[in-house]
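Below, chains carry the letters A, B, ... as their sequence lines are ordered, and counting in each starts from 1.
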There are 2 protein chains.
Amino acid sequence: MSDDQRRIRTKAATSFDVARLAGVSRSAVSRTFTQGASVAPETRSRVMEAAKALRYRPNLAARSLITRRSMIVAIAVSHLDNQFYPAIVQRISEQLAPLGYRLLLYVTHGEESHEPLLGELRHFGVDALILASRGFAPELLAECDLAGLPVVMLNNASPASHGVMVVGDNYRGGAALARFLIAGEHRRFAYLAGDRGVSSSEERLAGYAAALAEGGRDAPLVVDAGFEFERAFAAASDVLRGPARPDALFCANDNMAFAALQVARQNGLAPGRDISIVGFDNVAISGWPDLALTTYSQPVDALGAKVVEVLVALMAGKADDTTEHRVPGRLVVRDTARQPAHGIFTYADGERGWHPGAP
Amino acid sequence: MSDDQRRIRTKAATSFDVARLAGVSRSAVSRTFTQGASVAPETRSRVMEAAKALRYRPNLAARSLITRRSMIVAIAVSHLDNQFYPAIVQRISEQLAPLGYRLLLYVTHGEESHEPLLGELRHFGVDALILASRGFAPELLAECDLAGLPVVMLNNASPASHGVMVVGDNYRGGAALARFLIAGEHRRFAYLAGDRGVSSSEERLAGYAAALAEGGRDAPLVVDAGFEFERAFAAASDVLRGPARPDALFCANDNMAFAALQVARQNGLAPGRDISIVGFDNVAISGWPDLALTTYSQPVDALGAKVVEVLVALMAGKADDTTEHRVPGRLVVRDTARQPAHGIFTYADGERGWHPGAP
DNA sequence: GTGAAAGCGCTAACAG
DNA sequence: CTGTTAGCGCTTTCAC
């Protein structure tokens, strides 16, 4: 810990220093660092050279005072223990980085009010907000609208008018799983629901129930659980040990399905034989042989790319008229659900899928 | 997407607006928002009222130009798929938030050079850097030193002089696991190593090897794997299917242990009976009944708290003379390793531990 | 294509 | 305790 060095630490070079070294004005150096400004090639190279020598980088704070762009986008997440979220955060971060944007992280807990959040966002002057958290207040969106702050919601529908949504294929996924379970000749269908009122859980249920009805099956037993692992565990215990035990259980996401899996095994039920348990997301660990969860994928790469695409358009002022972007997923067949006699096939990447119409 | 509203969006109020509304000078409003500045209570309340009415928050960018403090701290992480990292990031974020600091996220990949990183850090004017990533260049630390940027390394030792480290109890943990495995009467010990040269992996091995030697056992077979799941999986396959199969395998972290677990089961070996596999971290999922990994904990809460404590001190200019802070963990006994006949006990929180000296 | 000058929103001396 | 003043580092008209 060189205390001396710290004291004489090199104060970062300013545009002034660079200008002087290059023998030009500060405007010249500003222009060389501004996208699409007109500078003579000769000047530019002189400036660049000086900048490199001094390790100069324009100070974003000072710049943002003028340009009103901080190059920071805030992301709010709640369930970092659900592997889906770190994965998507990583993708978004990686896609934003080459564009010069960085993520400012907000770990929320769902319950808090929007007031302080928006205050902070303005405090930091973020350019946009990604809402990947559950249960934010709709007023937040209204306020962001007023403040002119672009918002993209990830897997989160809202009654409010502001903000554009990027969502997985919830309805179709739920329906596909239902058809798969029907083909597996199950009889008593249940749904382990996520937090009430959260669109992703509701939509998955809607698709599930619709396809069940279409197949002439009874409506599923809906068990309120919530997205948290512990609550899912408790709820799964109730259903699986109760009198009307389902033989097919669709869980609102993989993380909840893992909870259900544990419960089943603890109660002597072999998933895939005595009971079928399926999830949603196709989180990385669901492919682990020990878990081998049958699920419907939410492709993190595609989702992240779409979020970034939409975000960038929004920040560029291009009002997006599509307010909802749906990213398709696919059924991934593994071992926690009984497999139909026909229709199983292999995708190009080696995962297994299922084809309803197959012989 | 109210295009009209966006156009007439309320430009955020400035200190000038507040000053005018409150009938005071801009300095007065600045002072009310500055910690420990002297303002008459009367003035303060008038300002606060005006500020609330206008939803005023001082602009951090402008402020930072003067104070040279951005209130943002950068955190570099590499293995977001290892649950340990999201968990620690979450804790740090939560502990920093009440102090007004926010995390700017850098997802690195280990290989990249430090140059652009440091450039970016200065670009954004971050107040400090948390290095929770693997394999950063030591030059980075030197440069941060020169730039006067406080650095805390999480579980990452470095030959460089700059930066303070917060680390888990690697050596003692490795030793504890060794003793536990010895008590379990194993004979052929192995270590599934993380990336070479990374201190956490090396230290765990050192403790393991030392305790093994002390117990009169042969030195462990060291298998180079790396922290990545896939590579750990491949390496585990090699050892567990090779001629000299160990009966006790210590993996550099839980995530790698999970890989080993899968490999063992796939090869007809029941962990905890035919082979003992232990990890390090005590990541949340290691407690899942399906996984039930015996491991040595790295308490994320304590680790996060320590990081924040150190960070804050550093940013306050208090040069910390302790350059390394070690956070103790504990052995957590579950099902993937054979249990000694004696010495198993239960912690206050219900987890099981093991006591070497017990009857 | 370039430099001079003004100013983004704020804080920190400095007088009072 | 308060207001006035200067200036943080940068971009951006505006003349040239």
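Taking 4.0 angstrom as the limit, B:Arg69 places none of its side-chain polar atoms (N or O) nearer than this to OP1 or OP2 of C:dT11. Here B:Ser30 does not reach the OP1 or OP2 of C:dC10: none of its side-chain N or O atoms lies under 4.0 Å away. Distances shorter than 4.0 Å separate some side-chain N or O of B:Ser15 from OP1 or OP2 on C:dC10. Of the side-chain N and O atoms in A:Arg26, none sit less than 4.0 angstrom from OP1 or OP2 of C:dT2. Phosphate contact (OP1/OP2 of C:dG3, side-chain N/O of A:Ser25, threshold under 4.0 Å): present.
Taking 3.5 Å as the limit, the base of C:dG3 and the side chain of A:Arg31 contain a donor-acceptor pair of atoms between them. Side chain B:Arg57 to base C:dG9: no donor-acceptor pair is found below 3.5 Å. Residue side chain A:Thr43 does not reach the base of C:dT2 through any donor-acceptor N/O pair under 3.5 Å, judged by distance alone. Side-chain to base pairing of A:Ser27 with C:dA4: one donor and one acceptor N or O lie within less than 3.5 Å of each other.
Rounded to an integer number of Å, the gap from B:Leu65 CG to D:dA6 C1' is 13 Å. Going from atom CZ of B:Arg46 over to atom C1' of D:dC1 covers 13 Å, rounded to whole Å. Atom C1' of nucleotide C:dC10 and atom CE of B:Met71 are separated by 15 Å, given to the nearest angstrom. Between A:Asp17 atom CG and D:dC8 atom P the separation is 11 Å, expressed in whole Å. If you take CG of B:Leu60 and P of C:dC8, they are 19 Å apart, rounded to a whole angstrom. The CZ-C1' distance, from B:Arg68 to D:dG9, rounds to 8 Å in whole Å. Rounded to whole Å, the distance from CZ on A:Phe124 to P on C:dG9 is 19 Å. Atom-to-atom, CZ of A:Phe16 to P of C:dG3 comes out at 13 Å; the value is rounded to the nearest Å.
No option in A:Val126, A:Val312, A:Ile130 other than A:Ile130 meets the side-chain contact (heavy atoms from CB on, under 4.5 Å) test with A:Val73.
Relative ring orientation between A:His79 and A:Tyr85 is described as tilted, the plane-to-plane angle lying within the 30° to 60° band.
Within 4.0 Å of B:Thr14, counting heavy atoms only, lie sugar-phosphate atoms of the nucleic acid but no base atom.
When the shell of 6.0 Å around CE of A:Met315 is examined, it contains more than 12 heavy atoms from other residues, nucleotides or ligands.
B:Arg46 has no carboxylate O lying under 4.0 Å from a charged side-chain N of B:Glu49, or vice versa, which leaves the two without a salt bridge.
Both B:Ile66 and A:Ile66 sit near DNA chain D, but only B:Ile66 has its closest nucleotide nearer the 5' end. Along DNA chain C, the nucleotide nearest to B:Tyr56 and the one nearest to A:Glu42 differ in position, and the one closer to the 5' end is contacted by A:Glu42.
B:Asn59 places a side-chain N or O within donor-acceptor distance of the main-chain N or O of B:Ala62, the cut-off being under 3.5 Å.
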